[in-house]
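For reference, the structure is listed below as structure tokens.
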There are 2 protein chains.
Amino acid sequence: MTSETPKQVLLSALAEVAKAIAHPHRLELLEQLAQGERGVEAVAERTGLSVANASQHLQQLRRAGLVSARRDGKFVRYRLADDAALDLLRTLGTVAERNVAAVDRLIRGYFSERDGHEPVTREELLERSRLGLVTVLDVRPPDEYALGHLPGAINIPLLELESRLAEIDPAQEIVAYCRGPYCVLSYEAVAALRARGFSVRRLEDGLPEWRAAGLPVETWASGQSVFR
Amino acid sequence: MTSETPKQVLLSALAEVAKAIAHPHRLELLEQLAQGERGVEAVAERTGLSVANASQHLQQLRRAGLVSARRDGKFVRYRLADDAALDLLRTLGTVAERNVAAVDRLIRGYFSERDGHEPVTREELLERSRLGLVTVLDVRPPDEYALGHLPGAINIPLLELESRLAEIDPAQEIVAYCRGPYCVLSYEAVAALRARGFSVRRLEDGLPEWRAAGLPVETWASGQSVFR
DNA sequence: CAATCATTCAATTATTCGATTGAATACAGG
DNA sequence: CCTGTATTCAATCGAATAATTGAATGATTG
């Protein structure tokens with residue numbers, strides 16, 4: 001008979017939680033849910049998973065206590081369980097960024113312009129935005145914007161940026177944001193706008209972190225991204 | 001040919017780090033290494049793993065950037081790579097404690113006396129200890145004490161506590177600590193000493209957290225514990 | 001209450017992971 | 001340079017995990 005010590009039980013429980021985040025698809029699901037509440041089909045489509053597969057992964061996350069589900073009519077809507085879950089993802093990102101060569105290369109390469117321009121802190125943006133000194137630009141897809149966005153932010157998805165430049169006041173400083181520290185959208189938006197002479201900076205992290213910091217979120221229907 | 005997007009590469013890299021902490025044995029190894037630097041055989045014996053098995057787990061941790069190794073004569077000594085690794089373990093513990101029923105039961109049950117007495121904060125202990133107002137009691141095994149301990153702490157392993165009560169000044173308040181928030185030693189020491197009329201409290205967390213907070217550690221040879 | 005839709009369950013298969021064993025490498029000391 | 005010790009590597013086997021498929025459940029709508 002295998003008798004288990006309390007310590008083993010504890011370590012196994014911790015390992016269960018870790019296992020839940022130890023798969024790329026589940027991490028992607030978590031990033032999605034960090035933007036806001038979503039049904040199974042919505043996240044399945046967005047991540048390219050089959051509905052059944054997404055459902056199973058979501059249930060693993062639910063068993064680990066990382067996401068919670070509620071029934072809403074015929075939909076089951078999932079979302080991050082709490083801020084601790086977001087914290088765990090951010091901490092995971094920190095470790096990976098410091099220690100895993102592949103991540104470091106991505107950050108410094110594809111995510112260009114990492115240095116050269118300090119991101120705007122949440123506190124600074126909040127203040128300057130209240131004073132009407134900046135244009136806040138949300139470059140995520142419209143449905144994520146709908147799930148929730150920074151107060152007063154205008155939404156121009158990255159793909160439409162070039163054709164909608166007229167909507168941006170060239171005289172004001174722009175602060176762009178997207179899903180989180182590993183989201184490429186805002187990096188690319190900054191690069192594109194700078195090339196056209198706009199004064200642009202990135203917000204540190206993204207909407208999930210903004211929300212987790214307890215700062216106000218505007219919503220008329222919806223969400224953001226998350227690692228580190 | 002499978003072409004991988006940067007996003008997939010990133011998520012896979014994050015998942016690799018998560019996988020490294022997704023096994024009870026590796027978590028136990030990390031808790032050991034959080035106490036201080038150790039050779040392969042030392043952690044193997046202490047965790048009950050075969051040397052070869054421990055070596056392989058340690059290498060997985062090393063690949064994930066969670067621990068670092070250096071050669072020291074004929075030994076290879078492993079230790080936690082950095083404070084980010086400790087942070088990750090603590091965050092994992094937080095999520096598990098909030099969300100996993102088994103952990104919650106352990107905390108409230110076996111780890112008795114969780115409530116009723118607030119733990120002493122590091123800041124409070126540091127101050128009162130400098131003023132000579134408290135006896136700091138390290139109840140970990142002597143070899144972990146040797147790897148490093150709180151300044152001025154006396155070391156009485158839990159098993160020897162009853163026979164060495166005379167070494168403790170009954171007039172002074174005692175603060176006991178051990179490996180970390182999930183270490184039972186200090187809980188049991190507090191219960192035992194209280195039953196004998198001593199005034200005792202626990203230090204919040206344990207030695208790894210103390211060290212990570214940048215507070216002074218005394219050492220004449222050696223270590224502590226880590227989750228949450 | 002039947003029809004429909006969103007989600008979950010169950011069974012299958014391919015892949016990956018963990019532990020064990022025995023051999024190989026690296027270093028220290030004589 | 002040889003021997004003993006510490007650690008790692010390589011190969012193996014059994015167990016666990018992931019994705020797929022198709023069927024089952026639960027809830028809304030007519």
Side-chain angles (χ1 to χ4, degrees), chain A residues 2 4 8-9 11-30 32-33 36-64 66-79 143, chain B residues 2 4 8 11-30 32-33 36-79 143:
Chain A
T2 58
E4 290 194 326
Q8 287 173 327
V9 174
L11 292 173
S12 297
L14 293 171
E16 285 306 312
V17 176
K19 268 184 207 164
I21 58 169
H23 193 288
H25 288 165
R26 288 194 290 271
L27 288 172
E28 194 173 7
L29 291 173
L30 287 168
Q32 282 300 322
L33 297 178
E37 207 176 39
R38 279 271 159 70
V40 177
E41 186 165 10
V43 292
E45 184 180 6
R46 189 166 274 276
T47 54
L49 298 175
S50 73
V51 171
N53 198 0
S55 173
Q56 289 183 167
H57 282 304
L58 286 169
Q59 278 167 77
Q60 289 190 51
L61 291 172
R62 195 164 58 100
R63 264 178 252 128
L66 290 164
V67 310
S68 63
R70 73 183 176 89
R71 185 122 214 161
D72 173 19
K74 47 178 163 182
F75 299 90
V76 175
R77 303 211 177 269
Y78 284 85
R79 61 168 149 176
D143 58 327
Chain B
T2 57
E4 289 193 327
Q8 288 172 327
L11 292 173
S12 297
L14 292 171
E16 286 305 312
V17 176
K19 267 184 210 165
I21 58 170
H23 193 287
H25 287 165
R26 288 192 290 270
L27 288 172
E28 194 173 6
L29 291 173
L30 287 168
Q32 282 299 324
L33 297 179
E37 208 176 37
R38 279 269 158 70
V40 177
E41 186 165 10
V43 293
E45 182 180 7
R46 190 166 272 275
T47 55
L49 298 175
S50 74
V51 171
N53 198 359
S55 172
Q56 288 184 171
H57 283 302
L58 286 169
Q59 278 167 78
Q60 287 189 54
L61 292 172
R62 197 163 58 99
R63 265 178 251 126
L66 291 164
V67 310
S68 63
R70 72 183 178 88
R71 187 123 212 161
D72 173 19
K74 44 177 165 180
F75 299 91
V76 174
R77 304 213 177 267
Y78 283 85
R79 61 168 150 178
D143 57 329

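In what follows, every chain begins at residue 1, and chains take the letters A, B, ... in the order their sequences are listed.
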Check: For the helix from C:dC1-D:dG30 to C:dG30-D:dC1, what angle lies between the axis at the first five pairs and the axis at the last five pairs, to 10 degrees?
Finding: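 Inter-axis angle at the termini of the helix from C:dC1-D:dG30 to C:dG30-D:dC1: 30°.
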With sequence neighbours left out, what residues match [X] under side chain to side chain donor-acceptor pair (under 3.5 Å)?
X	value
B:T47	none
A:R71	none
B:Q60	B:R26
A:Q59	A:S55

(message) For a 4.0 angstrom threshold against heavy atoms of chain B, report the outermost contacting nucleotides of DNA chain C in 5' to 3' order.
(response)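 Listed 5' to 3', the contact boundaries are C:dC17 to C:dA28.
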Specify the closest pair of heavy atoms between [X] and [Y], including all atoms of both residues, with the distance to one decimal.
X	Y	value
B:V17	B:L66	O-CD1, 4.3 Å
A:A44	A:V51	CB-CA, 4.0 Å
B:A64	B:E16	CB-O, 4.4 Å

Check your understanding: For A:R79, what residues pass the salt bridge (charged side-chain N to carboxylate O under 4.0 Å, His left out) criterion, not counting sequence neighbours?
Key ->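 If we apply the salt bridge (charged side-chain N to carboxylate O under 4.0 Å, His left out) test to A:R79, skipping adjacent residues, the hits are A:E37.
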Hey, can you pull the residues of residues 53-73 of chain B with a non-hydrogen atom under 4.0 angstrom from DNA chain D?
->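 Residues of residues 53-73 of chain B under 4.0 Å from DNA chain D: B:S55, B:Q56, B:Q59.
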Calculate the interatomic distance between [X] atom [atom1] and [N] atom [atom2]; express it in whole Å.
X	N	atom1	atom2	result
A:H23	D:dA16	NE2	P	18 Å
A:L27	D:dA18	CG	P	12 Å
A:R26	D:dA19	CZ	C1'	12 Å
B:K74	D:dC2	NZ	P	18 Å
A:L29	D:dA18	CG	P	12 Å
A:F75	D:dT25	CZ	P	22 Å

Hey, which of these two, A:A52 or B:R77, hits DNA chain D nearer its 5' end, going by closest nucleotide?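 Nearest nucleotide further toward 5': that of B:R77.
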Any chance you could lay out the side chain to side chain contact (heavy atoms under 4.5 Å, CB included) test for A:H57 and A:V67, step after step, and finish with the verdict? CA-CA 11 Å; A:H57 282 304; A:V67 310; over 6 Å; no
For residues 49-65 of chain B, pull every pair meeting salt bridge (charged side-chain N to carboxylate O under 4.0 Å, His left out), keeping only residues two or more places apart or in separate chains.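 As it turns out, there is no salt bridge (charged side-chain N to carboxylate O under 4.0 Å, His left out) pair with a partner in residues 49-65 of chain B once direct neighbours are skipped.
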Open item on the list: For B:A52, give me all partners under side chain to side chain contact (heavy atoms under 4.5 Å, CB included), at least two apart in sequence or on another chain.
Closed with: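 So B:A52 forms a side chain to side chain contact (heavy atoms under 4.5 Å, CB included) with B:S50.
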